[in-house]
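One structure is given below, represented as structure tokens, and several questions about it will come after.
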Number of protein chains: 2
Amino acid sequence: MAPARDSSSLLREAGLRATAARVALLNALCATHKPLKAAELRRSAGRGMDLVTVYRAMDALEKAGLAKRIGVDRTSASWEFAHRAHHHHLVCRGCGELEDVGECAVEGLEKRVLGKSKRFASVSDHSLEFFGTCRDCASAARAA
Amino acid sequence: MAPARDSSSLLREAGLRATAARVALLNALCATHKPLKAAELRRSAGRGMDLVTVYRAMDALEKAGLAKRIGVDRTSASWEFAHRAHHHHLVCRGCGELEDVGECAVEGLEKRVLGKSKRFASVSDHSLEFFGTCRDCASAARAA
DNA sequence: TCCCTATTGCAAATGACTTGCATAAGCATA
DNA sequence: TATGCTTATGCAAGTCATTTGCAATAGGGA
Ligand SMILES: [Mn+2]
Ligand SMILES: [Mn+2]
Ligand SMILES: [Zn+2]
Ligand SMILES: [Zn+2]
């Protein structure tokens with residue numbers, strides 16, 4: 001999708017060195033619609049690199065606001081490209097299938113939540129995930 | 001708070017053996033308002049037990065619906081007593097300070113989210129956390 | 001092109017959680 | 001209350017994602 005030149009610019013505009021590893025990872029991230037785990041990112045990057053490099057690069061991309069860490073899986077992290085509107089996810093408890101949920105009815109709530117709190121000075125963001133069962137898992141369960 | 005007798009009954013009503021470890025853990029969980037990590041639970045239980053026992057017991061309590069796992073900390077799980085109304089949390093990015101958020105404006109959304117999805121058969125629940133800065137961390141930051 | 005500094009690879013360390021197996025309780029029953 | 005089957009626990013070892021230390025390498029401004 002996004003040509004390498006774009007990723008390089010994005011990186012430099014974000015104040016990061018446009019290293020080969022970061023460019024490849026950012027391209028991989030843009031090329032797909034779904035969140036990718038560290039190992040998947042390395043594979044998708046199509047360029048040999050150490051897993052440690054993936055972790056360090058994703059840390060950098062995350063801090064720079066280019067990638068967003070998704071905590072949907074309890075045992076491992078995944079990231080998605082951050083230049084997309086704020087959204088949430090619908091996740092299948094059976095197979096991990098994941099779908100974007102565009103709607104966010106929570107945004108206005110942050111202020112109200114802060115207003116009701118005595119101990120907090122500010123609320124900056126939130127995470128919201130919906131869990132359920134996808135059609136495939138539902139029919140598999142029915143068949144069993 | 002809850003006397004040992006209560007925890008034993010709760011456990012047995014949930015179809016679990018009321019072992020000493022589980023009773024102590026459930027008591028510890030009821031005695032506090034905040035989610036506890038595995039190591040904290042063991043300490044609070046006031047009774048020597050292996051960490052493995054904590055994990056296995058919390059698994060059991062969770063499946064039985066007596067405890068709820070909280071995923072607020074990326075590096076470790078914590079649990080809170082489950083016999084409380086559905087609620088969410090406000091978490092301090094600085095120190096981990098945590099506060100209950102009673103309000104849930106999301107409940108009605110589950111149906112709408114399911115309605116908009118083509119690949120999902122059902123939505124069973126959701127997780128919602130608010131992140132921000134507590135007053136202490138805010139003034140500490142100001143002082144620095 | 002040169003130099004300084006940020007980044008990478010490799011190897012080793014962490015740390016939360018799991019698993020296997022033998023022993024010690026629960027608790028239903030007699 | 002004693003018995004016996006079944007499940008829970010302790011201990012030791014294993015797993016696995018993620019982190020850290022350090023020397024070698026490669027961005028990119030001058
Ligand atoms: Mn998404
Ligand atoms: Mn709570
Ligand atoms: Zn939102
Ligand atoms: Zn809710």
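Please read these numbers as outputs of a predicted model, since none were measured by experiment. Chain letters run A, B, ... following the sequence lines, proteins first, then strands; residues in each count from 1.
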*Heavy atoms under 4.0 Å, any strand shown: does A:A39 hit a base, just sugar-phosphate, or nothing?*
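Counting heavy atoms under 4.0 Å across all strands, no contact is made by A:A39.
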
*asked:* With nearest nucleotide decided by heavy atoms, which residue, B:A38 or B:A20, maps closer to the 5′ end of DNA chain C?
replied: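 Checking each residue's closest nucleotide, the 5'-ward one belongs to B:A38.
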
*Could you tell me the separation between the CG atom of B:L51 and the P atom of C:dT19, rounded to a whole number of Å?*
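Rounding to the nearest Å, CG of B:L51 and P of C:dT19 are 16 Å apart.
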
*Spacing between A:R22 atom CZ and D:dA26 atom C1', to the nearest angstrom*: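 Computing the A:R22:CZ to D:dA26:C1' distance gives 12 Å.
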
*asked:* Ring-plane angle category for B:H87 and B:H89, please: parallel below 30°, perpendicular beyond 60°, tilted otherwise.
replied: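 The rings of B:H87 and B:H89 stand perpendicular, inter-plane angle above 60°.
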
*asked:* What is the distance, to the nearest angstrom, from the CZ atom on A:R47 to the P atom on C:dT7?
replied: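 The distance from CZ of A:R47 to P of C:dT7 comes to 14 Å, rounded to the nearest Å.
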
*Could you tell me the separation between the OH atom of B:Y55 and the C1' atom of D:dC11, rounded to a whole number of Å?*
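Atom-to-atom, B:Y55 to D:dC11, this comes out as 16 Å.
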
_Distance test, side-chain N/O of B:R12 to OP1/OP2 of C:dC27, below 4.0 Å_ =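 It does, given that an N or O in the side chain of B:R12 lies less than 4.0 Å from OP1 or OP2 of C:dC27.
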
*asked:* If the threshold is 4.0 Å, N to carboxylate O, is there a salt bridge linking B:R93 and A:D125?
replied: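 Counted as a salt bridge, because a side-chain N and a carboxylate O are separated by less than 4.0 Å.
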
*So what does B:A57 touch, heavy atoms closer than 4.0 Å: a base, only the sugar-phosphate, or nothing?*
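No contact.
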
_Judged by each residue's nearest nucleotide on DNA chain D, which is more toward the 5′ side, A:V52 or B:D50?_
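Result of the comparison: B:D50.
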
*For C:dT8, take OP1 and OP2 only and decide whether either is under 4.0 Å from a side-chain N or O of A:T19.*
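So the side-chain polar atoms of A:T19 do come within 4.0 Å of the phosphate oxygens OP1 or OP2 of C:dT8, strictly under.
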
*Can you tell me if NZ on A:K68 sees more than 12 non-hydrogen neighbours from other groups inside 6.0 Å?*
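No - once you tally the heavy atoms of other residues, nucleotides and ligands closer than 6.0 Å, there are 12 at most.
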
*Specify the residue among A:R56 and B:T75 whose closest nucleotide of DNA chain C lies further upstream toward the 5′ end.*
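That would be A:R56.
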
*Interatomic distance where CG belongs to A:L16 and C1' belongs to C:dT8 [whole Å]*: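 Answer to the nearest Å: 15 Å.
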
*How far does CE of A:M49 sit from CG of A:L41, to the nearest 0.5 angstrom?*
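So the CE of A:M49 and the CG of A:L41 are separated by 8.5 Å.
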
*Quiz item: A:R17 side-chain donor-acceptor pair to C:dT5 base, under 3.5 Å*: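 By the distance-only test, yes, there is a pair.
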
_Whole-Å distance separating the CG atom of A:D59 from the P atom of D:dT18_ =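 To the nearest whole Å, that distance equals 11 Å.
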
_Check: B:G102 main-chain N/O paired with B:D100 side-chain donor or acceptor under 3.5 Å_ =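 Absent.
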
*How close or far is atom C1' of D:dT18 from atom NZ of A:K37, stated in whole angstroms?*
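After rounding, the gap between these two atoms is 13 Å.
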
*A:W79 has an atom CH2; how far is it from atom P of D:dA17, in whole Å?*
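A:W79 atom CH2 is separated from D:dA17 atom P by 12 Å.
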
*Give one of base, sugar-phosphate or nothing for B:A60, where a contact means two heavy atoms less than 4.0 Å apart.*
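If one applies the 4.0 Å heavy-atom cut-off, B:A60 turns out to touch nothing in the nucleic acid.
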
